[in-house]
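Have a look at the structure below, then the notes.
In each ligand, atom 1 is the first atom listed, and ligand 1 is the first ligand listed.
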Amino acid sequence: MLSGFHPGLIILATVLATILVVLLFVVPSNKRNLKNVERKFAGAVSDFVSERTKSEEILNDLDVGVIAYGKGGVRINVNPAAKKMFQPASIPDKFDEFIDSYGQDNGVQAALLLGSEAINGKLLMGDKILRMRIKLSHFEEGQAMSRLVVLNDVTEQEREEQRRKEFVANVSHELKTPLTTIKTYSESLIDWGLEEKPVDAIRKDIWRIHDDSLRMERLVEDLLLLSSIDSKGIRVRMETLNFASLVRQVVDRLHHQAKDKQIELSCYTLSRIPAVYIDKTSMERVITNLLSNAIKYTERGGQVKVYISYLIDDVYVKVSDTGFGIDKEHLPRIFNRFYRVDMTGSRMFGGTGLGLSIAKELVDLHDGKINVASTLGKGTEFTVMIPIARKVFCDTLEAYQVGSPMQGFLYQTAAQALQQHATDMGFPENCLSDLTDSDQDKLLSRALICEEDEWSTGTQSRLPAN
Ligand code: ADP
């Protein structure tokens, strides 16, 4: 049938038909394939981008500083933690410059030259101490020279380590001094023979040995107490107590010590003092330390005054003396362990240099504050402030009502005490967050009854009560 057509026309028709078939069937199918490929490609890119974003988010959230140097030692990434650690300095763009600036004094550059794989060094940046690790990395395929600089802020650990070393050195020194005395005096007694030495001299030597053994005993006791506070192993029995009564008992106890030095010791209660929620033994220890220091560091014939009062939500006790005073340059370190203003002076009085640091730790345990004010040659005033029991219990209850119980030893103990009172009053277990206002009032009234209220029931002090 086609034989009647011109062959050229037949070829043209065949080409057109082929194009038509291609246009009708092949192109759409290829387009579909192309779309599939495009979709897959877009998916892969989006997966890649999201993975990369995730990695960057993780990198941004890290406390660890990370700087990445890639091909040719050029910086390719740095996370915010690293930027913060180096502030205000900027981080060099090239690895070599980085090492020139930060790897010379700490041996990092030398270790790199020796070809070590993992390199560590410390870096001082202002008041921060950083630990720097440099690693060869394969984050860029085939780039053997890619380097990761990983930085950790180890300031607190280093300071802690330094404090620990100083503490051990101080303890050894403090123990060595009385030990040497004990050894020397006992050796002299042995060498001389008791018969050849006058009785008075023997007695003196034995007293020296005795005094220094007491000093060692005090030191060991203080160290054990500090260690129990540090390890949170200290035994405390929190109770609602009359603060004025407790302070006055301590003042009474030290009355003789003051009298022996002809120091006038007086105690003033300035107002009716609300109850406190405290550990009696700890707080007695704090007041005893402040008062015995005031007596120790005041000349004969001086005065020591104790004021007890309260201010809004805190009770306070102020121990004020007319003694030697403390130079203001020493005041910031006065609560440090083993810190003594005058080494010989304090030793002469048999001090360990630990009393005030223990006092501070114990006051902290009660969420209180301890302050000092002093004028050299005129006298010193220590003030201890402790939150009143009502405030501690109210804060504890309020925190339970809003569903976020307060953390910390004081408030956890207060919560336990309140729950115990609530159980005794017939409320269910774990009821602190569900109490009505009137139930809370009842609970508070019960919790605020002092367990030992001898002053409010009329016991009198031997000292003037003003
Ligand atoms: P110490 O056992 O040596 O008394 P503390 O920790 O109680 O140790 O006191 C630390 C130092 O503070 C004392 O060595 C003393 O130099 C000084 N200090 C403490 N209280 C007073 C005070 N009331 N007046 C003058 N100096 C004081």
Side-chain angles (χ1 to χ4, degrees), residues 163 166-167 169-171 173-178 211-227 229-230 247 250-251 253-255 257-258 260-267 282-307 316-365 368-384:
R163 281 196 286 269
E166 279 171 15
F167 185 70
N170 277 324
V171 170
H173 178 75
E174 294 293 331
L175 283 173
K176 203 160 182 273
T177 315
D211 284 353
D212 275 41
S213 62
L214 285 186
R215 182 198 294 254
M216 277 179 70
E217 189 182 34
R218 267 199 303 275
L219 185 62
V220 171
E221 273 171 10
D222 281 357
L223 287 170
L224 286 174
L225 179 61
L226 270 178
S227 136
I229 297 173
D230 284 349
V247 176
V250 177
V251 175
R253 245 177 265 149
L254 291 180
H255 201 55
Q257 207 173 308
D260 288 348
K261 257 183 110 179
Q262 282 142 28
I263 285 174
E264 189 190 325
L265 172 61
S266 33
C267 181
S282 302
M283 209 41 68
E284 276 176 350
R285 206 190 160 98
V286 172
I287 317 290
T288 305
N289 178 258
L290 298 185
L291 209 48
S292 69
N293 275 354
I295 298 169
K296 263 196 293 187
Y297 303 114
T298 297
E299 300 274 17
R300 281 183 169 273
Q303 288 181 345
V304 172
K305 289 181 179 154
V306 180
Y307 301 91
Y316 69 82
V317 54
K318 198 174 271 193
V319 179
S320 152
D321 65 57
T322 56
F324 311 149
I326 305 168
D327 199 348
K328 63 175 182 304
E329 71 167 291
H330 296 290
L331 290 178
R333 280 175 292 165
I334 200 79
F335 296 105
N336 289 3
R337 293 177 184 188
F338 292 113
Y339 193 79
R340 289 185 174 104
V341 176
D342 168 8
M343 298 296 277
T344 44
S346 158
R347 281 235 174 72
M348 204 173 72
F349 292 114
T352 61
L354 290 174
L356 285 179
S357 61
I358 293 178
K360 183 166 175 8
E361 302 267 0
L362 294 176
V363 169
D364 285 349
L365 209 66
K369 288 189 193 76
I370 181 164
N371 297 315
V372 57
S374 188
T375 312
L376 198 61
K378 290 214 160 148
T380 306
E381 194 172 271
F382 281 92
T383 310
V384 172

Legend entry - G353, S374, S320: member with heavy atom nearest to atom 8 (O) of ligand 1: G353

Legend entry - Distance filter under 4.0 Å to I334 heavy atoms, resulting ligand 1 atoms: 12 (O), 17 (C)

Legend entry - By side chain to side chain contact (heavy atoms under 4.5 Å, CB included) - contacts of N336 (at least two apart): R333, Y339

Legend entry - Which of the ligand 1 atoms, numbered from 1, are nearer than 4.0 Å to a heavy atom of D321: 22 (C), 23 (N)

Inset, instruction - Say whether Y339, considering both its backbone and side-chain N or O atoms, lies within less than 3.5 Å of an N or O atom on ligand 1. - result: no

Inset, instruction - Of the side chain and backbone of N289, name the one, both, or neither that has a heavy atom under 4.0 Å from an atom of ligand 1. - result: side chain

Legend entry - Lys/Arg-Asp/Glu bridge criterion (N-O < 4.0 Å) met for R215, D211: no

Inset, instruction - Could you tell me how the ring of F338 sits relative to the ring of F167: parallel (under 30°), tilted (30 to 60°) or perpendicular (over 60°)? - result: tilted

Inset, instruction - State whether the side chain of N289 and the backbone N or O of R285 hold a donor-acceptor pair below 3.5 Å, judged by distance alone. - result: no

Inset, instruction - Can you sort out which atoms of ligand 1 are near V341, meaning under 4.0 Å from one of its heavy atoms? - result: 16 (O), 17 (C)

Inset, instruction - Please indicate whether any nitrogen or oxygen in G325 is less than 3.5 Å from any nitrogen or oxygen in ligand 1. - result: no

Legend entry - Element-labelled atoms of ligand 1 that are located less than 4.0 Å from some non-hydrogen atom of R340: 3 (O), 14 (O)

Legend entry - Between NE2 on residue H255 and CD1 on residue I263, distance to nearest 0.5 Å: 12.0 Å

Inset, instruction - Compute the shortest N/O to N/O distance between L356 and ligand 1 and return yes if it is under 3.5 Å, no if not. - result: yes

Legend entry - Closest non-hydrogen atom pair between S357 and R337, with its separation: OG-CG, 3.6 Å

Inset, instruction - Kindly confirm or rule out an N or O of Y297 lying under 3.5 angstrom from an N or O of ligand 1. - result: yes

Inset, instruction - State the CD-CG distance between E284 and L291, to the nearest 0.5 angstrom. - result: 12.5 Å

Inset, instruction - Could you list the atoms of ligand 1 found under 4.0 angstrom from a heavy atom of L354? - result: 6 (O), 8 (O)

Inset, instruction - May I ask which of T322, I295, I326, N336 has a heavy atom nearer to atom 26 (N) of ligand 1 than the others do? - result: I326

Legend entry - Those atoms of ligand 1 less than 4.0 Å from some heavy atom in K296: 2 (O), 4 (O)

Inset, instruction - Give, for atom CG of D321 and atom CD1 of I295, the distance between the pair rounded to the nearest 0.5 Å. - result: 9.5 Å

Inset, instruction - Measure the distances from the heavy atoms of F335 to every atom of ligand 1 and state whether one is below 4.0 angstrom. - result: no

Inset, instruction - Check whether any side-chain N or O of K378 sits under 3.5 Å from a backbone N or O of G325 as a donor-acceptor pair, and report yes or no. - result: no

